[in-house]
Every structure is written in C-alpha cells, then in structure tokens.
Asks: 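The following block contains the structure, expressed as structure tokens.
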2 protein chains.
Amino acid sequence: MSLAQKTTATELKSTVEDIQLEIVQRICFLDYPPGEQLKEAELAAEFGVSRTPIRDAISRISHLGLVETRNGVGTVVVALSAEQIRHVYEMRLEIAALIGTMSPCTITETDCEMGRTLLQEAKALRTDFGPRQYIEINHRLHVLITSLIGNGTLRSFWWQTYCQAASTWYRQSNQRGSEMAQALVAELSDINTALELGDVAAIGYIQRTHIGYGYQRIKTHLLAN
Amino acid sequence: MSLAQKTTATELKSTVEDIQLEIVQRICFLDYPPGEQLKEAELAAEFGVSRTPIRDAISRISHLGLVETRNGVGTVVVALSAEQIRHVYEMRLEIAALIGTMSPCTITETDCEMGRTLLQEAKALRTDFGPRQYIEINHRLHVLITSLIGNGTLRSFWWQTYCQAASTWYRQSNQRGSEMAQALVAELSDINTALELGDVAAIGYIQRTHIGYGYQRIKTHLLAN
DNA sequence: GACTCGTTAGGTGTATACAGCTATCCGTAT
DNA sequence: ATACGGATAGCTGTATACACCTAACGAGTC
C-alpha cells in the first residue's frame, strides 16, 4: 500500500542520495533561486516520503554551503557574497589546470560524440536562445569533463566548486544570452578539438581559460552593481 | 528531567555539528580505527541524545568518505585504498602551495606563540615519544595553518584532505615514532621561521615539502606491504 | 558429516508525534 | 498615532515506535 503510494508519486524510487542530487540540481538550475525558502514538509509531500529523508538531504547540502537552515525560521538558498564568489572562482582557476595532469582518464569515442552533440546544440542556441537550454548544455558539458578526471579527490572538488558557482554564473544567462551562447560555442569548439586528439591536459587548460572569461563577465556585470 | 539527563552526560551541550566534529576527530585520532563499527544507539547513549542527531552527523561524515553505512549491517570506518591515498596526497601536494598565494591572512603574535609552544612540545616528544601526543601536536599545527588560509573554499578543501589523510598518516606513529618526531621538529622549526617573518607563502611551500616527505614514508612503509 | 533453510538477533531506514524557536499580527496602554 | 507586549501560526529540532534488511546461528535432512 505504502509502496503503491510511492510509485504513484513523481519519483519511482527515492533514496536520500537521489533527493539530495535533485535538490542540488534545482539550486544549480535556478529552479530554486537564492532566497527561495525550502520547506521540508512540502518537499516530503512532493517526493512521497516523510520529513526524515528530506532533512537528511538538506543537512548534507547545507554542509556544502548551498543552503542555510535556521531553527524556527526555515531553510533558504544562500546567495554567495562577492567575496565567496571570488574565492570559488579563484579556486576553480587553480584546479582546472590539474584536470589533465592528475591521473586523467582516457577519452572514448562516446565522449567525442557527446562533445559533437553539445556543440551542435550550442550552435542552435545562438539563433534561438533559451536560458534553460543554456544551463542544461553547460551542465552536461560539466558532467562530461568531470567524468574525465581520474583523481577522485580532484573530481569531488571540481564538482563542489561547480555547484557553488553555477547559480551565480547561470543568473547571467537571463540578461546576456547571446553573448554567452557565443562564448559557449567557442568553448565547445576548443573542447571538441582536444577530445578528438585525446588530450585531457588541453581540456584542463581550455577550462581554465573559459573560467577566466566567465569570471571576468561576472566581475563586470554582477559584482559591479 | 530530560535536561538534567543531558547535563549529566559527558557533554554539556551537543548540537549535530559538535557531534560531527567529535566523531571526525575520533576517526582522525585513530580512536576509531578503520574497520571499527559505529553503532547509532551506542553513540546516542554516550552523547545523551536520540539516534536522530547521531544519524544526521554520520550521514554528513559518510558524504566525506570517512565512513560507509550499509542498510541492515551498520556503519564502519573505511580504510582508504592505496589508490585513494595516492589521490588525496597528490591533491594535498598541489593545494599546499596555494595556501600562501590565495588570500592569505596576516600572521599575529598569537600564531607565533602557538608555533613556539608546539615546537617545544615536539622537542620533548623526541626523548619521550607517545603516539597520542604526536597526533595531537600535529592536529593543533593543522588548526593553526588552516586558520591562516583566507580563501574559504581552499580552507575547506585543505581540511577535508587533512581528515582523509590523517588516519593513514597517524597509523605510522605507532611504529616509526622517533623518526616521525624528528621530522615534526624539523617541520616546526621551518614553520616558526616563516611565522616570525610573517611569510604565509613560505608556510605553504614548507607544508608542500613535508607532505612530500610524509607521502614518501607512507609509500615506503605502508603501501609496500 | 556436510549442506540447506528457517529462525532470530541486531543493525539501519522511515514515519510520526511532540517540543522548541521565531516572526508576525493584533490588542492595549500611553 | 504609536509603541509595547502577548497570543499565534508555522517552521525546524528531537525523541520514539516501527518496518525492513542482513548476517549468523541452529535444527533438520540427505
């Protein structure tokens, strides 16, 4: 009975980890913008579980610094301060170069194909821009690049900083869409070249380069306010 | 009544964060060696709380990779594989150099005094070695160095890798005590020089150097088995 | 004697009830 | 009109009961 109730809910099977990933993705994708209040009871109803697993998931997320929970008030998605954004980006600039130097994985044909697909979609984005598509293409690119990192510790750090930077970064796609689509096409072109040559080190440096560009855009258009 | 019960327990006030830090420290200090089973009910009784906050704390720790929980079996402290140790150490070698280059804090007289105290204790350790003292001095040194890191993201990463490396590292202090005491005195001498000169960048490079030495010891005496 | 299967003890995973905290609203006194 | 204070609604934090899963033990059988 309770099982039937679960299957009729939106998700087929929801462990704590699944819930955590889903909520983190919603934060990254700006479905939950900074300032949004997360209510445990609401999420519990949506996922078809009790508050307990939801609390567990939120607790872990708060430890990553993406949300903040205060007793009696609620859980809100945090807006990173200018200084925090600076720290995250400076860190990403440093570790990007390590992607290719520390235990890189070998690039497969599947990876190349994914790169080509993403490039095509990005090109289509130039003429018909949508913030949501921009975010999703970037996200899949990040999944791809992360999968090429052989060092588990670095992979974890890379992903953490991505999640922390994502919401700030993607916020710009509402305003400066075409500019960012152009940049994404350029980035993916470079990435594809490196993929074809099987050069993971190059991918790391390309990332470093474009993180620098993105950081510059953020400093100019967001932090200047 | 329940409040009196709490105060009579070992801790005065136990929030989830306190419990988490305490358990992590016990893992780092080898009070819970790899393979040790953590029982939620036991810990709940010890800390004078219910299983709920204990579960919360353990859940976060498992997300850091220090323990592993399996349904119906229990929670055990994980022994990092040789590859994982390699990954953690390679990462520490890379980020150590960043300590002084990314938003370093200014060194205070209090910091210098702590450095002198630690050096004295380390010197005493050479003639009368105790694994526990060795671990505690190192731990306090790490707290000191971490406090000099201005970039919050780097500070977090530095602390994470420390916790992951600690149990493997400290395991050697049971066998190769005097050698490690000598190395600790040498490290603290270098650190003190840098502290007096207010040179945080130097501290980063000193760390890098001695992490390399420690990694070498681990590769020779632990991973060779 | 060895193997199989049912039983059981002991752990984690989840649901739920309740306690505690906080911000807000409203009535009252100044 | 305004400022203060208490009631209240709604949230998180905690305790507890129960469901479920797993491994180990022992009786029964070949």
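Just so it is clear: chains get the letters A, B, ... in the order the sequence lines come, proteins before strands, and each one is counted from 1.
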Asks: Check the distance between dG13(D)'s P and D56(B)'s CG and give it to me in whole angstrom.
Replies: 9 Å

Asks: On a plain distance test, is the side chain of R51(B) in donor-acceptor contact with the base of dG13(C) below 3.5 Å?
Replies: yes

Asks: Once the angle between the rings of Y215(A) and Y89(A) is folded into 0 to 90°, is it parallel (under 30°), tilted (30 to 60°) or perpendicular (over 60°)?
Replies: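 Ring orientation of Y215(A) relative to Y89(A): parallel.
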
Asks: Using the side chain to side chain contact (heavy atoms under 4.5 Å, CB included) rule, take I58(A) and L43(A) through it: C-alpha gap first, then chi angles, then the decisive distance, then the call.
Replies: CA-CA 10 Å; I58(A) 289 181; L43(A) 290 167; 4.1 Å; yes

Asks: Can you check the Q37(A) CD to dT22(C) P distance for me, whole Å?
Replies: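 Going from CD in Q37(A) over to P in dT22(C) covers 15 Å.
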
Asks: Measure from CD on E40(A) to C1' on dT16(C) and round the result to the nearest Å.
Replies: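 About 14 Å, once rounded to whole Å.
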
Asks: Would the distance check show the side chain of N151(B) and the main-chain N or O of H87(A) forming a donor-acceptor pair, the cut-off being under 3.5 Å?
Replies: yes

Asks: Please give, in whole Å, the distance from dA15(C) C1' to R55(B) CZ?
Replies: 12 Å

Asks: Counting only side-chain nitrogens and oxygens, does T52(A) get under 4.0 Å of the OP1 or OP2 atom of dT14(C)?
Replies: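 For T52(A), the contact criterion (side-chain N or O under 4.0 Å from OP1 or OP2 of dT14(C)) is not met.
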
Asks: Where along residues 68-78 of chain B does a heavy atom come under 4.0 Å from DNA chain D, residue by residue in number order?
Replies: N71(B), G72(B), V73(B)

Asks: Please identify each residue that fulfils side chain to side chain contact (heavy atoms under 4.5 Å, CB included) with C105(A), with sequence neighbours left out.
Replies: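 Per chain and number, C105(A) pairs via side chain to side chain contact (heavy atoms under 4.5 Å, CB included) with no residue.
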
Asks: Sub-3.5 Å donor-acceptor pair from the side chain of Q164(B) to the main-chain atoms of L64(B), do we have one?
Replies: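 Yes, the answer is positive, given that a donor and an acceptor are paired below the 3.5 Å cut-off.
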
Asks: How many Å lie between CD1 on I54(B) and P on dG13(D), as a whole number?
Replies: 16 Å

Asks: Could you check whether any side-chain N or O of T146(A) sits under 3.5 Å from a backbone N or O of H142(A), counting only pairs where one atom can act as donor and the other as acceptor?
Replies: yes

Asks: By the 4.0 Å heavy-atom rule, please label L38(A) as base, sugar-phosphate, or nothing.
Replies: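 Sugar-phosphate, backbone atoms only, no base.
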
Asks: Without decimals, in angstroms, what is the distance between Q20(A) CD and dG13(C) P?
Replies: 14 Å

Asks: What's the NZ-C1' distance between K39(A) and dA9(D), to the nearest Å?
Replies: 12 Å

Asks: Can you name the residues that form a side chain to side chain contact (heavy atoms under 4.5 Å, CB included) with V143(A), not counting sequence neighbours?
Replies: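 Expected list: H139(A), W159(A).
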
Asks: May I have the distance from I58(A) (atom CD1) to dT14(D) (atom P), rounded to whole angstrom?
Replies: 15 Å

